[in-house]
Amino acid sequence: MATVTSNASPKSFSFSISNPLKSLIPNKSPSLNYPPRKNHHRLGLSINATVSTPPSIATGNAPSPDYRVEILSESLPFIQKFRGKTIVVKYGGAAMTSPELKSSVVSDLVLLACVGLRPILVHGGGPDINRYLKQLNIPAEFRDGLRVTDATTMEIVSMVLVGKVNKNLVSLINAAGATAVGLSGHDGRLLTARPVPNSAQLGFVGEVARVDPSVLRPLVDYGYIPVIASVAADDSGQAYNINADTVAGELAAALGAEKLILLTDVAGILENKEDPSSLVKEIDIKGVKKMIEDGKVAGGMIPKVKCCIRSLAQGVKTASIIDGRRQHSLLHEIMSDEGAGTMITG
């Protein structure tokens, strides 16, 4: 897969970022507390500064201007590390269905764009698809975690993902102050699909055959946030439904992204599937492959981990599986040493 890099400076935004910046201020919610990773080598930084307790926690009032400045100052090393770097985020799960979590993801993306990162958002839309299928009295069928997609279902998938979910996300990002552009795999031949090996059982379920990121380069270079729906066509024009994790991983590899982030409905990779406190904060490819062999990674986590491994093998620096059920998990993963899930390194 060709790697695309660019040294072009991101577009500067002139809008206010007061709302997204609130997400950098700790609050009373325990959902924002993550155990720290073992060390700071994920950024190559040593950060020992201690941030004082925000006045809002002690008094219930808004944090003081001094405290806000202190938080921003502590963010500087992370902004310097990631400024100008491409971050591919797969958006799905509970974060798509909860208005609060959706707002959190959007504000995080806008803030990251404001401080110079180059985010790209890839999405599916399973819950919306299921709702429309139900309204049309079409049963939803799954095999091995994949949606069985006949011609009628494929038409609905395209309408929902491209026409509804994608444009809704674009509108939310635009309303938050950034500038988003909605795309699917069809546009600019961004993605070329092919049927999965067991297409006889699954119908129009595809995988990524080729990626041509040419259409993304000018958008990202000029500071736009691409929002990409995970459908694409094969060489003959037949549309396919593609797993959004797979699309995100292949795009990250083709773009030479610094980081791939998969938002999920779990805390990350667990050493013990029955113990939520056994979160593995950081692991390399060799270690995570052994976890698969030992049966510690199983079920729906396997394709996510394999997606991360494939992207890392193609040049992505790190891949993270993070807990999308927690507000501002994107900022925790990128702008702190604590992280928000499991980071897999090459």
Side-chain angles (χ1 to χ4, degrees), residues 1 90-94 96-97 122-166 184-186 189-211 228-254 260 262-266 269 273 288-289 291-311 313-314 321:
M1 191 73 67
K90 183 267 181 170
Y91 175 53
M96 295 194 75
T97 58
V122 177
H123 68 86
D128 285 294
I129 294 170
N130 290 340
R131 185 167 64 254
Y132 277 87
L133 288 174
K134 184 177 181 180
Q135 290 176 1
L136 296 170
N137 295 318
I138 300 174
E141 182 182 353
F142 293 85
R143 293 183 184 175
D144 300 324
L146 297 175
R147 184 185 300 277
V148 177
T149 309
D150 59 15
T152 302
T153 303
M154 185 64 236
E155 187 174 3
I156 294 168
V157 168
S158 292
M159 288 190 297
V160 173
L161 294 188
V162 180
K164 181 181 183 295
V165 177
N166 186 271
S184 73
H186 296 269
R189 296 180 180 175
L190 175 59
L191 303 171
T192 301
R194 64 183 173 218
V196 294
N198 56 337
S199 59
Q201 290 77 40
L202 293 172
F204 297 110
V205 175
E207 57 189 19
V208 177
R210 294 191 301 277
V211 180
I228 301 167
S230 58
V231 294
D234 64 13
D235 289 321
S236 69
Q238 172 60 53
Y240 285 88
N241 181 21
I242 306 177
N243 179 273
D245 293 330
T246 302
V247 170
E250 294 298 325
L251 281 172
L260 168 67
L262 306 182
L263 286 169
T264 68
D265 286 342
V266 294
I269 299 175
K273 290 177 288 186
V288 80
K289 284 183 175 179
M291 290 188 73
I292 295 176
E293 294 171 0
D294 295 342
K296 294 180 179 180
V297 173
M301 185 61 72
I302 291 179
K304 294 182 184 298
V305 169
K306 288 185 175 179
C307 164
C308 292
I309 292 173
R310 179 172 170 81
S311 67
Q314 296 180 85
I321 299 172

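Computed over heavy atoms, backbone and side chain alike; hydrogens, waters and symmetry mates excluded. Position 1 is the first residue of the sequence; numbering continues from there.
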Do the non-hydrogen side-chain atoms of [X] and [Y] ever get within less than 4.5 Å of each other?
{"X": "C308", "Y": "I321", "result": "yes"}
{"X": "P195", "Y": "F204", "result": "no"}
{"X": "I129", "Y": "V165", "result": "no"}
{"X": "E207", "Y": "P197", "result": "yes"}
{"X": "L190", "Y": "L251", "result": "yes"}
{"X": "I269", "Y": "V297", "result": "yes"}
{"X": "V231", "Y": "I242", "result": "no"}
{"X": "S230", "Y": "L161", "result": "yes"}

So which heavy atom on [X] is nearest to which on [Y], and how close?
{"X": "G124", "Y": "A244", "value": "N-CB, 3.7 Å"}
{"X": "V162", "Y": "A229", "value": "CG2-CB, 4.2 Å"}
{"X": "A232", "Y": "G185", "value": "CB-CA, 4.0 Å"}
{"X": "L202", "Y": "V205", "value": "O-CG2, 3.5 Å"}
{"X": "K273", "Y": "A298", "value": "NZ-CB, 3.8 Å"}
{"X": "A140", "Y": "L133", "value": "CB-CD1, 4.2 Å"}

Using the test side-chain contact (heavy atoms from CB on, under 4.5 Å), find all partners of Q135 that sit at least two apart in sequence or belong to another chain. R131, Y132
Around K289, counting heavy atoms of other residues, nucleotides and ligands shown, do more than 12 lie under 6.0 Å from its NZ? no
Are more than 12 heavy atoms from other residues, nucleotides or ligands located less than 6.0 Å from atom CZ of R194?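 Enclosed.
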Hey, are R210 and D234 close enough for a salt bridge, meaning a charged N less than 4.0 Å from a carboxylate O? no
Please list all pairs meeting salt bridge (Lys or Arg N to Asp or Glu O under 4.0 Å) that have one or both residues in residues 147-160, counting only residues at least two apart or in different chains. none
Only pairs at least two apart or in different chains count here, so list each salt bridge (Lys or Arg N to Asp or Glu O under 4.0 Å) that has a residue in residues 238-247. K90-D245, D245-K304
What do the steps show when you test D235 against T192 for side-chain contact (heavy atoms from CB on, under 4.5 Å), and what is the final call? CA-CA 7 Å; D235 289 321; T192 301; 3.5 Å; yes
What distance separates [X] [atom1] from [Y] [atom2], expressed to the nearest 0.5 Å?
{"X": "N130", "Y": "K134", "atom1": "CG", "atom2": "NZ", "value": "10.0 Å"}
{"X": "I228", "Y": "L191", "atom1": "CD1", "atom2": "CG", "value": "7.0 Å"}
{"X": "M96", "Y": "D265", "atom1": "CE", "atom2": "CG", "value": "11.0 Å"}
{"X": "S158", "Y": "N241", "atom1": "OG", "atom2": "CG", "value": "8.0 Å"}

Test side-chain contact (heavy atoms from CB on, under 4.5 Å) on Q201 and R143; report intermediate values, then the result. CA-CA 8 Å; Q201 290 77 40; R143 293 183 184 175; 3.2 Å; yes
